[in-house]
There are 2 protein chains.
Amino acid sequence: MPLRIIITAGDAMNIGEAAQLSGVSAKMIRYYETIGLISKATRSYSGYRDYQERDIHILRFIRRARAAGFSTLQIKKLLALWQDRQRPAREVKQFASEHLSELKEKIAELEAIATALSQLIAHCHGDDRPDCPILDTLAGESTGGKFDECGKRHPPIRRHSAPKPKI
Amino acid sequence: MPLRIIITAGDAMNIGEAAQLSGVSAKMIRYYETIGLISKATRSYSGYRDYQERDIHILRFIRRARAAGFSTLQIKKLLALWQDRQRPAREVKQFASEHLSELKEKIAELEAIATALSQLIAHCHGDDRPDCPILDTLAGESTGGKFDECGKRHPPIRRHSAPKPKI
DNA sequence: GCTTGACCTTCCAATGATGGGAAGGTTCAG
DNA sequence: CTGAACCTTCCCATCATTGGAAGGTCAAGC
């Protein structure tokens, strides 16, 4: 992966440098532009996107907000709150609190699953014999078992990670 | 939502009844067939899929495994283990344990986010004044802040829930 | 000037599990 | 025979993210 380190004196920079400085991939910067999360970048004569320090700040904000688990839609609102210097902190606190509640709910769901699974695993002798309470429970005839109760939401397993903040 | 309750004496049934009995939606049954998680259903003369009791058991197994947070790929393996009556329970236990580790890791990540967010919220006075440590942190100039560390994976926010087990 | 390679551009595709809906065929009861 | 409730296949959307192709641009070194 050859990676030329870009150093520029002034403010203006291409998308690659913006990506390096902000920790948001160029791909994602373009994506954020298409979904309207950031405003359309001005273009150089040849069509290259042009970024300033100010854009880098915004992109970093977005990266951190993503790392905090906010969706792009939520970030749109956060950006609006951020840019409005008159907004009362109350609004921000409330918004963040709602997100925190969702997070906690998700955690509780996962923990319910983990607990149930732990118990099954604990009850499995795990030797060469074929009888196994784990499979028996999943196959179970009875209703109202552990896994008829918990784990109602299951986001797809993702291959791609969110951008790993290296800056 | 008109819903006719279907009661059939014998084993053979259409996809709708299979869905009701298994708790897996007809849509998902077809999907599981296309991705090869279940074998292709036999068809009636007119092309309707035909299901037996045995298929219902498999579908219930899949539903519970999904509720336990296994991906369809993992379930494929679980089904193979289940169907192999000679497999040592050790294998199942190991497989489930690996999944449990992943679950715990995910929980830990979410908890790191939740903790960091909690702290920010706690530090926000939340009144009418505009200064707010939450936004300040997201906008922060400094590197190595809370959200430069935690939360590396963020599955997309889903609209659709996994099938809610009602049976 | 020309080449080369590292940039940049747009566009399309895939991921994973799930639902929505259209267009059209089947079945069964009244 | 009609209508409703099934069934079929096919395409689309979600969300954030990456991959890759096809092609334009720029700057350094020859």
Side-chain angles (χ1 to χ4, degrees), chain A residues 1-6 8 12-20 23-37 40-51 62-63 65-67 69-76 151-164, chain B residues 1-6 8 12-20 23-37 40-51 62-63 65-67 69-76 151-164:
Chain A
M1 234 171 272
L3 182 55
R4 210 165 50 178
I5 301 300
I6 304 165
T8 315
M13 60 192 112
N14 287 339
I15 199 170
E17 193 177 357
Q20 270 190 247
V24 177
S25 75
K27 280 270 191 196
M28 290 314 296
I29 296 177
R30 295 194 196 97
Y31 172 67
Y32 291 151
E33 188 183 301
T34 67
I35 65 169
L37 185 56
K40 292 188 181 177
T42 60
R43 301 294 186 112
S44 72
Y45 175 70
S46 57
Y48 285 18
R49 286 177 182 79
D50 235 12
Y51 297 95
I62 293 173
R63 175 173 52 77
R66 280 294 296 143
F70 288 97
S71 71
T72 50
L73 202 61
Q74 291 173 318
I75 295 175
K76 212 166 194 168
K152 312 215 185 241
R153 315 183 137 266
H154 294 289
I157 284 70
R158 297 194 48 67
R159 279 165 310 123
H160 302 309
S161 310
K164 300 175 191 175
Chain B
M1 231 174 274
L3 183 55
R4 211 166 50 177
I5 300 300
I6 305 165
T8 315
M13 59 192 112
N14 286 339
I15 199 170
E17 192 178 357
Q20 269 190 248
V24 177
S25 74
K27 279 272 192 197
M28 291 313 298
I29 296 177
R30 294 194 197 97
Y31 172 68
Y32 291 151
E33 188 182 300
T34 68
I35 64 170
L37 185 57
K40 291 188 181 176
T42 59
R43 302 295 186 112
S44 72
Y45 175 72
S46 57
Y48 284 18
R49 285 176 184 79
D50 232 13
Y51 296 95
I62 293 173
R63 174 173 54 75
R66 280 294 297 143
F70 289 96
S71 71
T72 51
L73 202 59
Q74 292 173 316
I75 295 175
K76 212 167 195 169
K152 311 216 186 239
R153 315 184 136 266
H154 294 289
I157 285 70
R158 296 193 48 66
R159 281 165 310 122
H160 302 310
S161 311
K164 302 177 189 172

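These numbers were taken from a predicted model, which means no experiment stands behind them. So you know, we letter chains A, B, ... as the sequences are listed, proteins then strands, and number each from 1.
- When rounded to the nearest whole Å, the span between CD1 of A/Ile29 and C1' of C/dC7 equals 14 Å.
- Side-chain atoms of A/Val24 and A/Tyr32, non-hydrogen and from C-beta on, do get closer than 4.5 Å to each other.
- Residue A/Arg30 places its side chain closer to C/dT10 than to any other of C/dT10, D/dT18, C/dG19.
- Between A/Leu37 atom CG and D/dT17 atom C1' there is a gap of 14 Å when expressed in whole angstrom units.
- Contact check, B/Thr72 against C/dG16: no side-chain N or O comes under 4.0 Å of OP1 or OP2.
- Whole-Å rounding puts the A/Met13 CE to D/dC26 P distance at 18 Å.
- Every residue two or more places apart in sequence or in another chain was checked for a ring pair (Phe, Tyr, Trp, His ring centres under 6.0 Å) with A/Tyr51, and none qualifies.
- Using a 4.0 Å heavy-atom distance criterion, A/Ile15 is classed as a sugar-phosphate-only contact.
- Distance, B/Glu33 CD to D/dC7 P: 14 Å, rounded to whole Å.
- Atom NZ in A/Lys40 sits 9.5 Å away from atom OG1 in A/Thr34 (nearest 0.5 Å).
- Taking five base pairs at each end of the helix from C/dG1-D/dC30 to C/dG30-D/dC1, the local helix axes there meet at an angle of 30°, rounded to 10°.
- By the side chain to side chain contact (heavy atoms under 4.5 Å, CB included) test, A/Leu73 is found to be paired with A/Ser71, residues two or more places apart in sequence or in another chain being considered.
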What string of B, S and - do you get for nucleotides 21-30 of chain C 5' to 3' if you count protein non-hydrogen atoms under 4.0 Å?
B---BBS---

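- Checking the phosphate oxygens (OP1, OP2) of C/dT18, a side-chain nitrogen or oxygen of B/Tyr32 falls inside 4.0 Å.
- If you take CG on B/Leu37 and CD1 on B/Ile75, they are separated by 6.0 Å, rounding to the nearest 0.5 Å.
- The line from CE of A/Met28 to CZ of A/Arg66 is 7.5 Å long, rounded to the nearest 0.5 Å.
- Taking each heavy atom of A/Ser25 and A/Ala19 in turn, the nearest pair found is C-CB, 4.1 Å.
- The distance between atom CD of B/Glu17 and atom P of D/dC6, rounded to the nearest whole Å, is 11 Å.
- Between D/dT9 and B/Arg49, a contact under 4.0 Å exists linking OP1 or OP2 to a side-chain N or O.
- With sequence neighbours excluded, the residues satisfying side-chain hydrogen bond (donor to acceptor under 3.5 Å, both in side chains) with A/Ser44 are A/Ser46.
- OP1 or OP2 of D/dT9 sits under 4.0 Å from a side-chain N or O of B/Arg43.
- Per the geometry, NZ belonging to B/Lys40 stands 14 Å off P belonging to D/dT8, to the nearest Å.
- Residues B/Arg30 and B/Arg49 are in side-chain contact: their nearest non-hydrogen atoms beyond the backbone lie under 4.5 Å apart.
- Ranked by how close their nearest DNA chain D nucleotide is to the 5' end, B/Ala26 and A/Tyr31 are led by B/Ala26.
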